[in-house]
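Written out below as structure tokens is the structure these notes cover.
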Amino acid sequence: QVQLVESGGGLVQAGGSLRLSCAASRHTFSSYAMGWFRQAPGKEREFVAAISWSGGGTYYADSAKGRFTISRDNAKNTLYLQMNSLKPEDTAVYYCAASSTFGATYYSASYYANYDYWGQGTQVTVSS
């Protein structure tokens with residue numbers, strides 16, 4: 001069992017930045033690939049970004065490319081999402097997730113069912 005706790009969400013104006021963090025409960029964090037998903041009101045959960053267990057592979061949704069950066073610090077059992085140039089359409093609850101099964105492809109990294117553990121989410125609100 002891996003417990004994930006997100007933090008860093010909040011209210012920001014369009015064009016601003018936020019850095020989300022996801023703290024994992026176990027020292028085996030480094031054996032999991034990790035991802036960020038988001039869900040806006042009335043919409044389905046959607047993939048944002050993912051990173052391999054070593055950090056050597058990263059994957060981004062088109063909406064995140066060039067603005068968001070996913071990273072991890074395995075020594076601190078922590079996942080990050082740096083979000084720049086935020087837009088009102090980025091408003092959503094952001095979830096981190098851990099996967100023991102995804103392969104090194106965008107399709108695999110972005111498929112929510114490949115993730116075994118999920119955090120409770122952190123709200124990000126971008127005002128126009």
Side-chain angles (χ1 to χ4, degrees):
Q1 187 80 12
V2 178
Q3 293 184 330
L4 303 171
V5 179
E6 302 94 338
S7 61
L11 174 64
V12 64
Q13 289 188 332
S17 298
L18 283 174
R19 188 192 197 201
L20 305 184
S21 298
C22 172
S25 63
R26 296 189 63 174
H27 67 280
T28 53
F29 171 76
S30 62
S31 64
Y32 290 90
M34 300 294 296
W36 288 98
F37 289 74
R38 68 186 183 186
Q39 188 167 19
K43 295 187 177 180
E44 294 186 354
R45 190 170 299 190
E46 65 173 358
F47 171 73
V48 177
I51 188 167
S52 64
W53 65 271
S54 67
T58 56
Y59 309 85
Y60 294 93
D62 286 344
S63 59
K65 285 180 182 176
R67 299 189 300 126
F68 295 1
T69 303
I70 189 170
S71 62
R72 65 190 298 162
D73 185 337
N74 286 342
K76 295 183 178 180
N77 290 353
T78 304
L79 174 74
Y80 303 100
L81 185 68
Q82 177 68 44
M83 304 187 295
N84 299 327
S85 302
L86 284 162
K87 305 175 182 179
E89 51 263 44
D90 294 318
T91 295
V93 177
Y94 283 70
Y95 300 89
C96 69
S99 172
S100 59
T101 58
F102 93 41
T105 67
Y106 176 86
Y107 174 79
S108 179
S110 64
Y111 185 41
Y112 73 93
N114 283 338
Y115 290 82
D116 308 293
Y117 304 103
W118 293 81
Q120 292 300 306
T122 185
Q123 176 71 46
V124 171
T125 303
V126 184
S127 63
S128 57

Q) So is R45 actually on top of Y95's ring, under 6.0 Å and inside 45° of the axis? A) yes

Q | Test: K65 and D62 ion pair at under 4.0 Å | A | yes

(Q) I'd like to know if the side chain of S100 pairs up with that of D116 as donor and acceptor (distance under 3.5 Å, no hydrogens or angles considered). (A) yes

Q) In terms of heavy-atom contacts, does CD of E46 have more than 12 from other residues, nucleotides or ligands at under 6.0 Å? A) yes

Q) Taking all atoms of both residues into account, what is the closest heavy-atom pair of S85 and S17, and its distance? A) N-OG, 4.3 Å

Q: Assess the pair F47 and Y115: is the distance between their ring centroids shorter than 6.0 Å?
A: no

(Q) Could you go through T91 and Q123, starting from their C-alpha distance and side-chain angles, then the distance that decides it, and tell me whether this counts as side-chain contact (heavy atoms from CB on, under 4.5 Å)? (A) CA-CA 8 Å; T91 295; Q123 176 71 46; 4.0 Å; yes

Q.
Under 4.5 Å side-chain heavy-atom separation, chaining through any Ile, Leu, Val, Met, Phe, Trp or Tyr, what else clusters with L11? Say none if it is isolated.
A. none

Q) Can you list the residues that meet the side-chain hydrogen bond (donor to acceptor under 3.5 Å, both in side chains) rule with N77, with sequence neighbours excluded? A) none

Q | Value rounded to 0.5 Å, distance of OH in Y59 from OG1 in T105 | A | 6.5 Å

Q.
Please find the pair of heavy atoms, one from F37 and one from A109, that lie closest to each other, and give the distance.
A. CZ-O, 4.4 Å

Q | Under the side-chain hydrogen bond (donor to acceptor under 3.5 Å, both in side chains) test, residues paired with Q39 that sit two or more places apart | A | none

Q | Any residue meeting side-chain hydrogen bond (donor to acceptor under 3.5 Å, both in side chains) with S25, in chain and number order, not counting sequence neighbours | A | none

Q. Which other residues belong to the hydrophobic cluster containing L18, where Ile, Leu, Val, Met, Phe, Trp and Tyr are joined when side-chain heavy atoms lie under 4.5 Å apart, directly or via other members?
A. V2, L4, V12, L20, F29, Y32, M34, W36, V48, I51, Y60, F68, I70, L79, L81, M83, L86, Y94, Y117, V124, V126

Q. Looking at OG of S108 and CG of N114, how far apart are the two atoms once the value is rounded to the nearest 0.5 Å?
A. 4.5 Å

(Q) Quick check for you: to the nearest 0.5 Å, what is the distance between S7 atom OG and Q120 atom CD? (A) 13.5 Å

Q: Check whether any side-chain heavy atom of K76 lies under 4.5 Å from a side-chain heavy atom of S21, and answer yes or no.
A: no

Q. Could you state the interatomic distance from OG (S128) to CD (Q13), rounded to the nearest 0.5 Å?
A. 9.5 Å

Q) V5: which other cluster members, linking ILVMFWY side chains closer than 4.5 Å, directly or transitively? A) none

Q. What is the minimum heavy-atom distance between E6 and C96, and which atoms define it?
A. OE2-N, 2.9 Å

Q: State, to 0.1 Å, how close G8 and T122 come at their nearest heavy-atom pair, and which atoms those are.
A: N-OG1, 4.3 Å

Q) If only atom types and distance count, is the side chain of N74 paired as donor or acceptor with the main-chain N or O of W53 below 3.5 Å? A) yes

Q.
For a quick test of reading the model, state the closest non-hydrogen atom pair linking T28 to S31 and the distance between them.
A. O-OG, 2.6 Å

Q. Between OG of S30 and CZ of R72, what distance do you get to the nearest 0.5 Å?
A. 7.0 Å

